[in-house]
Engineer: 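Please see the structure below; I have some questions.
Letters A, B, ... are given to chains in the order of the sequence lines, protein chains preceding strands, and every chain is numbered from 1.
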Amino acid sequence: MKIGYPCINRTVQCLGNKTFRLKSYSEEKLKETIQNNLNCLDKILEFNLSHGLMFFRMASDMVPFASHPVCEFSWQTEFQEKFRRIGAVIKAHGFRISMHPDQFVLINAKDINIFQRSVKELIYHAQLLDLMELDQTAKIQIHVGGVYNDKPNSIKRFIKRYHTLDDSIKKRLALENDHRSYSLADCMIIHRETGVPIIFDTLHHQVLNNGELMGDALKTAAQTWGEKDGLPMVDYSSQKPDAKKGNHALSIDLDDFSHFLSLKGELDFDIMLEIKDKEASALKAAQLI
DNA sequence: ATCGGTCAAGGGGCA
DNA sequence: TGCCCCTTGACCGAT
């Protein structure tokens with residue numbers, strides 16, 4: 001079981017992913033930004049290694065505008081060697097890696113243009129992981145997408161589109177249950193038709209479910225992971241007290257986390273902590289396992 | 001110096 | 001149909 005946190009480290013004195021707006025785009029600035037992001041990733045991995053945090057979600061804006069028409073620069077060639085070196089570090093130490101494209105990646109979009117843009121964005125994510133020469137245990141996680149007032153057909157459209165995706169995407173894709181539209185049971189329908197592994201999100205499940213007990217749900221999702229996919233991934237977060245349902249807590253609630261761990265039984269999986277204070281909570285959680 | 005609107009990209013809920 | 005919300009954090013620019 002590996003513990004991780006997403007994208008940002010508040011301890012390491014290195015700011016990756018600095019604001020980069022389309023208006024200020026230039027190839028020069030793009031190169032500087034990528035170089036800076038890679039340096040920060042290096043430092044964060046170093047921090048994680050020395051603190052035993054072996055699961056990390058890489059930020060999607062490692063290469064800003066990578067799938068946007070404005071980007072005609074071959075970042076793949078320019079930074080190939082650097083990506084390969086970071087990948088070697090990841091493999092040497094056994095880090096688990098995931099990525100999570102933003103909500104506008106919609107495989108089941110009604111608008112074919114949105115689907116096509118989504119594919120480009122997924123290709124970018126896959127290229128990044130391929131350049132690092134990581135195997136298919138490094139996952140790209142997304143949500144099912146929109147409902148469009150017709151969930152059965154939106155699910156069908158997801159499945160149909162999924163089958164058209166390039167293999168480099170399919171082997172890395174994982175689906176996460178969300179808290180508004182697609183529950184674990186909905187994701188399972190898609191899993192049965194595609195084999196796509198399901199990342200179980202604990203808080204989303206608490207907000208949107210079909211009456212399954214947490215422990216059973218965890219097991220159901222874990223069974224969707226094949227041999228090549230590696231250990232199941234789980235997104236854990238706790239509810240922010242007194243806030244709207246689904247809001248992430250500022251810091252980990254260790255009692256709640258212990259309770260969650262007690263539900264897992266014999267299961268093993270890697271846990272991504274989606275909590276505001278990032279590595280601080282991950283460090284506390286890592287002490288418990 | 002500070003603060004808040006804004007940023008490539010979408011969808012859902014509600015009035 | 002139009003507006004605001006989700007969710008993120010940094011930064012741009014107005015004051």
Engineer: Please state whether the rings of A:Phe158 and A:Tyr162 are parallel, tilted or perpendicular, taking 30° and 60° as the class boundaries.
Structural biologist: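 Because their plane-to-plane angle is under 30°, the rings of A:Phe158 and A:Tyr162 count as parallel.
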Engineer: OP1 or OP2 of C:dG9 sitting under 4.0 Å from any side-chain N/O of A:Arg10?
Structural biologist: yes
Engineer: Between A:Lys276 and C:dT8, is there a contact of a side-chain N or O with OP1 or OP2 at under 4.0 Å?
Structural biologist: yes
Engineer: Both distances below 3.5 Å, Watson-Crick or wobble geometry, any strand: find the nucleotide opposite C:dT15.
Structural biologist: B:dA1
Engineer: For B:dA9, give the paired nucleotide (Watson-Crick: N1-N3 plus N6-O4 or O6-N4; G-U: N1-O2 and O6-N3; both under 3.5 Å), or none.
Structural biologist: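 Pairing partner: none.
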Engineer: Remember a base hit wins even if backbone is also touched, and classify A:Val147 as base, sugar-phosphate or nothing at under 4.0 Å, heavy atoms.
Structural biologist: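 Sugar-phosphate, no base atom in range.
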Engineer: Looking across every strand, which nucleic acid part, if any, lies under 4.0 Å from A:Lys110 by heavy atom: base, sugar-phosphate, or nothing?
Structural biologist: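 Answer is nothing: A:Lys110 stays at 4.0 Å or more from every strand.
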Engineer: Could you say whether A:Gln103 or A:Lys23 is positioned toward the 5' end of DNA chain C, judged by the nucleotide with the nearest heavy atom to each?
Structural biologist: A:Gln103
Engineer: Out of A:Phe47, A:Phe95, A:Tyr5, which one pairs with A:Phe56 under the ring-ring contact (aromatic ring centres under 6.0 Å, His included) rule?
Structural biologist: A:Tyr5
Engineer: Does C:dA10 have OP1 or OP2 under 4.0 Å away from a side-chain N or O of A:Arg21?
Structural biologist: no
Engineer: Any strand is fair game: report the nucleotide pairing with B:dC14 by Watson-Crick or G-U wobble, both distances under 3.5 Å, or none.
Structural biologist: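 Its partner is C:dG2 (Watson-Crick or G-U wobble, both distances under 3.5 Å).
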Engineer: Nearest of C:dG9, B:dA9, B:dG12 to any side-chain atom of A:Arg180?
Structural biologist: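 Among the listed nucleotides, the one closest to the side chain of A:Arg180 is B:dG12.
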Engineer: Answer yes or no: is there a side-chain heavy-atom contact under 4.5 Å between A:Asp201 and A:Asp178?
Structural biologist: no
Engineer: Base, sugar-phosphate or nothing for A:Ser67? Non-hydrogen atoms, less than 4.0 Å.
Structural biologist: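 Base contact.
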Engineer: Over all strands shown, is A:Phe65 touching base, sugar-phosphate only, or nothing at heavy-atom distances under 4.0 angstrom?
Structural biologist: base
Engineer: Does the aromatic ring of A:Phe104 sit over the six-membered base ring of B:dG10, closer than 5.5 Å centre to centre and tilted less than 30°?
Structural biologist: no
Engineer: Around atom CD of A:Glu81, are there more than 12 heavy atoms from other residues, nucleotides or ligands closer than 6.0 Å?
Structural biologist: yes
